[in-house]
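Index from 1, following the sequence.
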Amino acid sequence: MKVDVVMPKMGESIQEGKILRWLKKPGDHVDRDEIILEISTDKVDTEVPAPTEGVIVQLLANENDTIEVGKVIAVLDTDASAIPVAHTISAPETMPAPTPKAAPAPAPVPIPMPIPAPAPPMPAPAATSGESTVDIVMPKMGESIQEGKILRWLKKPGDFVERDEILLEISTDKVDTEVPAPSAGTLVEILAAENDTIEVGKVIARLGSSRVAVASVPVPIAAPPVPALAPPPSAPIYVAPPALVAAAIESAKTTDIPRVSNGRFYSPLVRTIAEAEKVTLEELNSIAGTGMESRVTKNDILAYIASRSVTPASTLVNVSATANPSVVAIPSTAKPAVTMPVTYGDDTEIIPMDRVRQVIAEHMVRSKQTSPHVTSVGEADITAIVKLREKYKSTFEKREGFKLTLTPFFMRAIVDGVKANPMVNVSVDGKNIIRHKRINLSFATLLDDGNLIVPVAKNADAMSITGIGRTVFDLSTRARTKKLAPEDIQGGTIALTNMGAWGSLFGTPVINQPQTAIIGVYAVQKRPVVREINGEDLIVIRHMVYVSITYDHRVIDGALASNFLSTMIKSLEKMDENTIEL
């Protein structure tokens, strides 16, 4: 039977992927879940496994081709007697048969520590002959989330579970949640241990389709990665700072970049860039990665390449392999450009960023690099809304069980602004503008640890003021108790940030990618303003608030943003007890 391998969908906004490297060729036999190629998208680099066991009979795309999501890129044949056919890709010469390489002379190394014997693989559980299994994969918890950490397994191999019964608890940078069983059956295999960090889409367990006898299988115990050769404590490890390495390691070049080196994983994209730019493994190992578990990201290697191209490499740093290594510069005849280390006195405190703060920082920097930000400002007279809230807040709280705030009124006004100016409710995909027909309102929520999360009020255009209030209360409450579901933080089309509670009068928020507009509302103040009453200009005291829209100038111009702002302000100023029903 022929089985198609298609370009996988790696996120809501991802419509295509680039083939980095084929790891298999026509005629190769592959097992289920064996890696057959590496791909890259705008958001993630990953490996594509075989969907089933079989023989590769056809490759339908070249390396470096960019393919739409869902397109067939290869064909497998599950028949053991399958005869491979030739490539049908346009340039077969891009995939020559591998030629034997001369074995490089081994570089002298310190006396290696003994290599611990690998732990025996976890035996596959015994199941009824012909029993089909269902893969349990690490779920995708948000557009920017690419991995999750297993907190706790609630079931063990051999346990029978009902559909939607909770199997395990996981944690990501944005949300902690439970993973339910996709169907009823017996848990026959656990493939990841507690505290393991697993990439989205990776299989973490297998579920039998019925009650089956399962052998006793211990859950694997997480252990730190062990490098192939661990030098003794006295052996020097050479670590080169960026921009000071290329010339100094001419005698120890390793151009073949493995997936894992010294216990650190290198993504397909990083390996491709390294090979294209002739970055050696020794150089790559020297780069201080900013990714998860100190992984080297695309930005890390590009920054290193840029610094290497403008600064002569002349120095190596000897770092003793101790828990607190000392750094000793090795003199050189060249004069390197050295950045002096920053030192801090006793009157300072160094606070490492937690994972959430690191993700927020990365997200904010990426947003500024992606979108040319422009902010337009207006002010609204919300005296009638303030009076309406004061009049009905006690009745509202008794009826609904939560306090009536100004936020639902602001969100309703945003909905009115989008309805009149639908082209602010868009996102960008390459050279295409994606206009969203529903209004899914993201709103920034402050957590107890000081970090932010942005839940989404879906279909806000179909809600009343009270309905919006209920949704905001529910989502913000679950955000603070870490009970948000993955879909609660996905799919936002336009955002609101309300800084009024902290007394801020005005600000310029950063756009929440991949959206193109964020609305800011601030502190409500009583101010003297001029109003025309019965043909006379009079100074009166009104409740005033500044309202801003920060927008992506690639697709939203000043006139459109100003029209939106004007519509939103008019909507706020028309709201009173005669026009609003709570």
Taking Asn563 for the side chain and Ser566 for the main chain, is one N or O donor matched with an acceptor at less than 3.5 Å? no
Flag the pair Met575 / Arg412 as yes when at least one side-chain heavy-atom distance between them is below 4.5 Å, and no otherwise. yes
Do you know which two heavy atoms are closest between Tyr266 and Leu284, and how far apart they sit? OH-O, 3.4 Å
Asn451 side chain near Arg357 side chain, heavy-atom distance below 4.5 Å: yes
Test Arg554 against Thr370 for side chain to side chain contact (heavy atoms under 4.5 Å, CB included), laying out the working first. CA-CA 10 Å; Arg554 293 178 301 171; Thr370 301; 3.8 Å; yes
Check step by step if side chain to side chain contact (heavy atoms under 4.5 Å, CB included) holds for Val418 and Val424. CA-CA 7 Å; Val418 170; Val424 302; 4.0 Å; yes
Is any side-chain heavy atom of Ile439 less than 4.5 Å from a side-chain heavy atom of Asn425? yes
Crowded around Glu362 CD? As in, over 12 foreign heavy atoms under 6.0 Å? no
Do Tyr392 and Glu577 pass the side-chain hydrogen bond (donor to acceptor under 3.5 Å, both in side chains) test, and can you show the C-alpha distance, the side-chain angles, and the key distance before you say yes or no? CA-CA 10 Å; Tyr392 291 104; Glu577 60 181 324; 3.2 Å; yes
Whether the side chain of Thr471 engages the backbone of Gly467 through a donor-acceptor N/O pair (distance < 3.5 Å, no angle test) should be reported. yes
Looking only at heavy atoms, what is the nearest atom pair of Ser427 and His436, with distance? OG-NE2, 3.0 Å
Tell me, do Met138 and Ile170 make a side-chain contact under 4.5 Å, heavy atoms counted? yes
Taking side chain as C-beta onward, heavy atoms only, is Phe564 less than 4.5 Å from Ser376? no
Main chain of Phe473, side chain of Ser476: is a donor-acceptor contact present, judged purely on distance under 3.5 Å? yes
Any idea which heavy atoms bring Ser367 and Val510 closest together, and the distance? OG-CG1, 3.6 Å
What's the separation between atom CG in Leu582 and atom NZ in Lys391, rounded to the nearest 0.5 Å? 11.0 Å
Any salt bridge between Lys403 and Glu397, counting N to O under 4.0 Å? no
For Gly507 and Ser548, work out which heavy atoms get closest and say how close. O-OG, 3.8 Å
Let me confirm one number: the CD1-CD1 distance from Ile549 to Ile518, rounded to the nearest 0.5 Å. 10.0 Å
Which atom pair, heavy atoms only, marks the closest approach of Phe409 to Leu572? O-CD2, 3.8 Å
Any donor and acceptor pair, going by atom type alone, linking the side chain of Ser286 with main-chain N or O of Glu283 inside 3.5 Å? yes
Donor-acceptor check, side chain of Asp196 to backbone of Ile198, threshold 3.5 angstrom: yes or no? no
Could Glu165 and Lys155 be called an ion pair, given the rule that one side-chain N must be under 4.0 Å from one carboxylate O? yes
Hey, would you say the Phe402 and Phe396 ring centroids sit under 6.0 Å apart? yes
Side-chain atoms of residues 526-541: list all donor-acceptor pairs with protein atoms under 3.5 Å, sequence neighbours left out, distances to 0.1 Å.
| unit_1 | atom_1 | unit_2 | atom_2 | d |
| --- | --- | --- | --- | --- |
| Arg527 | NH2 | Glu379 | OE1 | 2.4 |
| Arg531 | NH2 | Asp381 | OD2 | 3.2 |

So, Ser371 side chain and Lys368 main chain: donor-acceptor pair closer than 3.5 Å or not? no
Looking at every non-hydrogen atom in both residues, tell me the closest pair between Thr493 and Arg438 and how far apart they are. OG1-O, 3.8 Å
Beyond-backbone contact of Ile494 with Ser442, side-chain heavy atoms, under 4.5 angstrom: no
What's the separation between atom CZ in Phe443 and atom CG in Asn498, rounded to the nearest 0.5 Å? 11.5 Å
Are there over 12 heavy-atom neighbours, none belonging to Lys18, within less than 6.0 Å of that residue's NZ? no
Atom pair OG1 (Thr516) and CD1 (Ile511), whose distance is rounded to the nearest 0.5 Å: 7.0 Å
To the nearest 0.5 Å, what is the distance between CD1 on Ile519 and CE on Met411? 11.5 Å
Does a side-chain N-to-carboxylate-O contact under 4.0 Å join Arg470 and Asp474? no
If you measure from OG1 on Thr197 to CD on Glu147, what distance do you get to the nearest 0.5 Å? 6.0 Å
For Arg163, does its backbone N or O pair with a side-chain atom of Ser183 as donor and acceptor, under 3.5 Å? no
Is it true that atom NZ of Lys419 has more than 12 heavy atoms of other residues, nucleotides or ligands lying nearer than 6.0 Å? yes
Backbone N or O of Glu487 within a donor-acceptor pair of the Lys458 side chain at under 3.5 Å? yes
Just wondering, do Val456 and Ile489 contact through their side chains at under 4.5 Å, heavy atoms? no
Has the side chain of Glu194 got a donor or acceptor atom that lies under 3.5 Å from a matching backbone atom of Trp153? yes
Please report the C-alpha distance between Ile39 and Met7 in whole Å, then the side-chain angles of each, then the deciding distance to 0.1 Å, and finally whether the side chain to side chain contact (heavy atoms under 4.5 Å, CB included) criterion is met. CA-CA 9 Å; Ile39 65 170; Met7 177 62 68; 3.8 Å; yes
Given the rule in the salt bridge (Lys or Arg N to Asp or Glu O under 4.0 Å) test, do Glu38 and Arg271 qualify, once you have shown the distances and angles that lead to the verdict? CA-CA 11 Å; Glu38 297 170 347; Arg271 301 204 306 273; 2.3 Å; yes
How about Lys570 and Leu565: do any of their side-chain heavy atoms sit closer than 4.5 Å? no
Using side chain to side chain contact (heavy atoms under 4.5 Å, CB included), reason through Leu168 and Ile150 one step at a time and then give a plain yes or no. CA-CA 7 Å; Leu168 71 154; Ile150 295 176; 4.0 Å; yes
